[in-house]
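As structure tokens, the structure follows; a few thoughts come after it.
Just so you know, ligand 1 is whichever comes first in the structure, and atom 1 is the first atom listed for that ligand. For the single chain, residues carry numbers from 1 onward in sequence order.
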Amino acid sequence: MPRVAIETRNITKRFGTFTALDGMSMCIEKGVIFGLLGANGAGKSTLIKILCGLLTPTSGDAFVGGVSVNTNPEEVKKRIGYMSQKFSLYEDLTVFENIRFFGGVYGLSNTEIRKQLDIIAEMAGLKGQENRLTGELSGGLKQRLALGCAVIHNPGIVFLDEPTGGVDPVARRNFWALINDLSAKGTTVIITTHYLDEAEYCNRILLMHAGKNIAEGSPGELKTTHIKNNLYEIECTPLMEGLSLLRNRDWTGGISVFGNLLHLNSRPGSDPATIRLFLENNGVQVVRMEEIIPSLEDVFISLIEEKTKGAGEGAVK
Ligand SMILES: Nc1ncnc2c1ncn2[C@@H]1O[C@H](COP(=O)(O)OP(=O)(O)OP(=O)(O)O)[C@@H](O)[C@H]1O
Ligand SMILES: [Mg+2]
């Protein structure tokens, strides 16, 4: 049994003169939860649409469940489930009608749809509410129902494009429980998110920037590979004064604002006491300075800063 669910080979996608994907190559193993991360416009949705057989690449190829998106996009569509960035459900249909609609789209028989109805209603927490209008459901319930509809035909691979945008933390946690259930059953899940706490739940992460793959690994690997030196959290006033003082110093590998704190990615051999003294001697009061364990957000910002050197601080969104 091949262990590879998806392989892309040097995929480029241009819209006119604009290059949205620039030679993307990657491999996704079966059964993993694979997170695609990147700022707005990085090319995540474009890549997902190509992998779903909805867009054709300008050059390169991708194999989804062993099938080429160039030569056989219709076969690709049968093997995957897709939950798009915008809600895919019909708000003016009931829960049952949406399930029946998606079952029909994926070619299920009436008997199969009836069987799936119970499974999806249970999974979405909508048992007994099958006749409710979808538009009346909370964001969290709609999302669970949309996921149920995306996997109604039991695909081996499911693409979730920002499925948790705009729902509360409890609903997001419940949604992740469903994702973990799918993964436990052997389904390969490819998910995009801007919530970096969610990215921690992925087995593998690929960070995209300007249509390119700039880093890949497990959350743990990314932290140890890309932040090798000590990371300091600094609480100081005035904050922005501290930021501009620390920028471009010998001991600064990277510096970013995190809320009302600074995160300083130091260079080897930097002495925290010297840094603290430098700030205080220049009129910045240091309330607290301590070494911290990097989060994915630190890794992400540091990598994006590296790519956009000179363009200011890295931004998450
Ligand atoms: N049909 C299109 N025509 C022209 N440009 C497009 C088209 N689709 C996408 N783009 C451009 O390609 C780039 C990548 O877009 P894409 O939607 O893949 O980004 P994304 O990483 O999903 O961003 P977001 O996080 O905002 O969803 C953007 O600059 C976008 O404007
Ligand atoms: Mg997108």
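Counting non-hydrogen atoms of neighbouring residues, nucleotides and ligands closer than 6.0 angstrom, the CG atom of D250 reaches no more than 12 such neighbours. Residue R132 places its CZ atom among more than 12 non-hydrogen atoms of other residues, nucleotides or ligands, all under 6.0 Å distant. Other residues, nucleotides and ligands contribute more than 12 heavy atoms inside 6.0 Å of the CZ atom of R288. By the 6.0 Å contact criterion, CG on N110 is open, its count of non-hydrogen atoms from other residues, nucleotides or ligands being 12 or less.
Partner of V299 under the side-chain contact (heavy atoms from CB on, under 4.5 Å) criterion, out of L231, L222, T225, L196: L222 alone.
Contact record, M123 with L178: O-CD2, 3.6 Å, taken as the closest heavy-atom pair.
Residue contacts with ligand 1 include H194, since one of its heavy atoms falls under 4.0 Å from the ligand.
Per-residue contacts place A20 under 4.0 angstrom from the following atoms of ligand 1 (heavy atoms of the residue considered): 12 (O). Listed by number with element, the atoms of ligand 1 under 4.0 angstrom from any heavy atom of F18 are 11 (C), 12 (O), 13 (C), 29 (O). Each of the atoms 23 (O), 24 (P), 25 (O), 26 (O) of ligand 1 lies under 4.0 Å from some heavy atom of N40. Counting atoms of ligand 1 from 1 in the listed order, those under 4.0 Å from a heavy atom of S45 are 17 (O), 18 (O), 20 (P), 22 (O), 27 (O).
Closest to atom 27 (O) of ligand 1 among all protein heavy atoms lies Q85 NE2, 2.9 Å. For atom 23 (O) of ligand 1, the closest non-hydrogen atom on the protein side is G41 N, 2.8 Å. From the protein, the heavy atom lying nearest to atom 16 (P) of ligand 1 is T46 OG1, 3.6 Å. The nearest protein atom to atom 25 (O) of ligand 1, hydrogens excluded, is given as K44 NZ, 2.7 Å; this is a heavy-atom distance. Counting protein heavy atoms only, atom 6 (C) of ligand 1 is closest to F15 CD1, 3.3 Å.
Only the side chain of E162 comes within 4.0 Å of ligand 1, judged by heavy-atom distances.
Classified by interplanar angle (parallel below 30°, tilted 30° to 60°, perpendicular above 60°), the ring pair F258/H263 is parallel. In this structure, Y106 and H153 have parallel ring planes: the angle between them is below the 30° cut-off, well short of the 60° mark.
Distances from atom 31 (O) of ligand 1 to the protein include no heavy-atom value under 4.0 Å. Less than 4.0 angstrom separates atom 4 (C) of ligand 1 from at least one non-hydrogen atom of the protein.
The closest side-chain donor-acceptor pair between N98 and T134 falls under 3.5 angstrom. Counted by atom type alone, S84 and D161 present zero donor-acceptor pairs between their side chains at under 3.5 Å.
Of all protein N/O/S atoms, those lying under 2.8 Å from the Mg ion (ligand 2) come to 2.
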**Request:** Verify side-chain contact (heavy atoms from CB on, under 4.5 Å) between L147 and L160, making sure each step is shown before the conclusion.
**Result:** CA-CA 8 Å; L147 178 63; L160 310 174; 3.4 Å; yes
**Prompt:** Stepwise, does the side-chain hydrogen bond (donor to acceptor under 3.5 Å, both in side chains) test hold for D22 with T19?
**Reply:** CA-CA 6 Å; D22 192 2; T19 304; 5.9 Å; no
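Of the polar atoms of A42, at least one N or O is found under 3.5 Å from an N or O of ligand 1, judged by distance alone.
A cation-pi contact, defined as under 6.0 Å to the ring centre and within 45° of the axis, is absent between R249 and F278.
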